[in-house]
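These numbers were taken from a predicted model, which means no experiment stands behind them.
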Amino acid sequence: MTSICSFEDFYMDWQGQSLAEKLMQIMLLGFAVIAFGTGYLTASFQTMILIYAVGVVLTTLVTVPNWPVFNRHPLKWLDPSEVEKHPKPQPSSNVNSKKKPIKK
């Protein structure tokens, strides 16, 4: 049985996630300022809510799908055979785990 879409179709790298979050925050703030200004100038709460709702929809369409711009830095995973060649680093024993006494 073949799947219609694979995991890679929905994968977004770390830098892409950061970019999408920053873009979302900037767009929502921008639409909020524009909506508030327009609503204040026209004295219409309905206009303000409508402009902000359009902004939320546009922001969702820009930031939620997995666009290629969000996949510029893909992660390179090790093969299972390579994992055995590169053991997991152990914590160093040089670190003092004792807390220093507080001087009074």
Side-chain angles (χ1 to χ4, degrees):
M1 184 170 153
T2 61
S3 64
I4 295 172
C5 54
S6 65
F7 175 71
E8 288 81 22
D9 295 339
F10 300 105
Y11 178 74
M12 186 183 295
D13 60 40
W14 295 107
Q15 287 88 357
Q17 289 177 8
S18 176
L19 176 64
E21 181 182 1
K22 288 176 187 174
L23 191 59
M24 178 212 49
Q25 291 174 353
I26 290 169
M27 288 179 72
L28 287 177
L29 182 62
F31 277 110
V33 169
I34 292 169
F36 180 78
T38 306
Y40 183 78
L41 291 175
T42 61
S44 173
F45 186 74
Q46 183 179 5
T47 302
M48 181 185 73
I49 294 298
L50 182 62
I51 291 172
Y52 188 68
V54 168
V56 169
V57 170
L58 287 175
T59 301
T60 302
L61 291 174
V62 169
T63 59
V64 171
N66 189 19
W67 300 108
V69 71
F70 299 133
N71 291 317
R72 291 184 180 169
H73 308 283
L75 293 174
K76 305 292 185 215
W77 295 94
L78 287 177
D79 292 328
S81 61
E82 290 291 321
V83 173
E84 295 170 359
K85 295 178 185 176
H86 305 284
K88 186 176 179 180
Q90 300 297 322
S92 63
S93 60
N94 301 5
V95 179
N96 262 344
S97 61
K98 295 180 181 179
K99 293 183 179 178
K100 292 183 180 180
I102 300 173
K103 294 182 182 180
K104 292 185 180 180

Would you say Val33 ends up clustered with Ile51 if hydrophobic residues are merged whenever their side chains have heavy atoms under 4.5 Å apart, either directly or through other cluster members?
no
Going hydrophobic residue to hydrophobic residue with side-chain gaps under 4.5 angstrom, can you get from Leu19 over to Leu29?
no
What's the shortest heavy-atom distance between [X] and [Y], and which atoms?
X     : Y     : result
Met12 : Val64 : CE-O, 4.5 Å
Thr63 : Ala20 : CG2-O, 3.6 Å
Trp67 : Leu61 : NE1-O, 3.2 Å
Leu58 : Phe31 : CD1-CZ, 4.0 Å
Gly16 : Asp13 : N-OD1, 2.5 Å
Leu28 : Val56 : CD2-CG2, 3.9 Å

Hydrophobic side-chain clustering at under 4.5 Å (ILVMFWY, transitive links): who's grouped with Phe45? Put none if nobody.
Phe36, Met48, Ile49
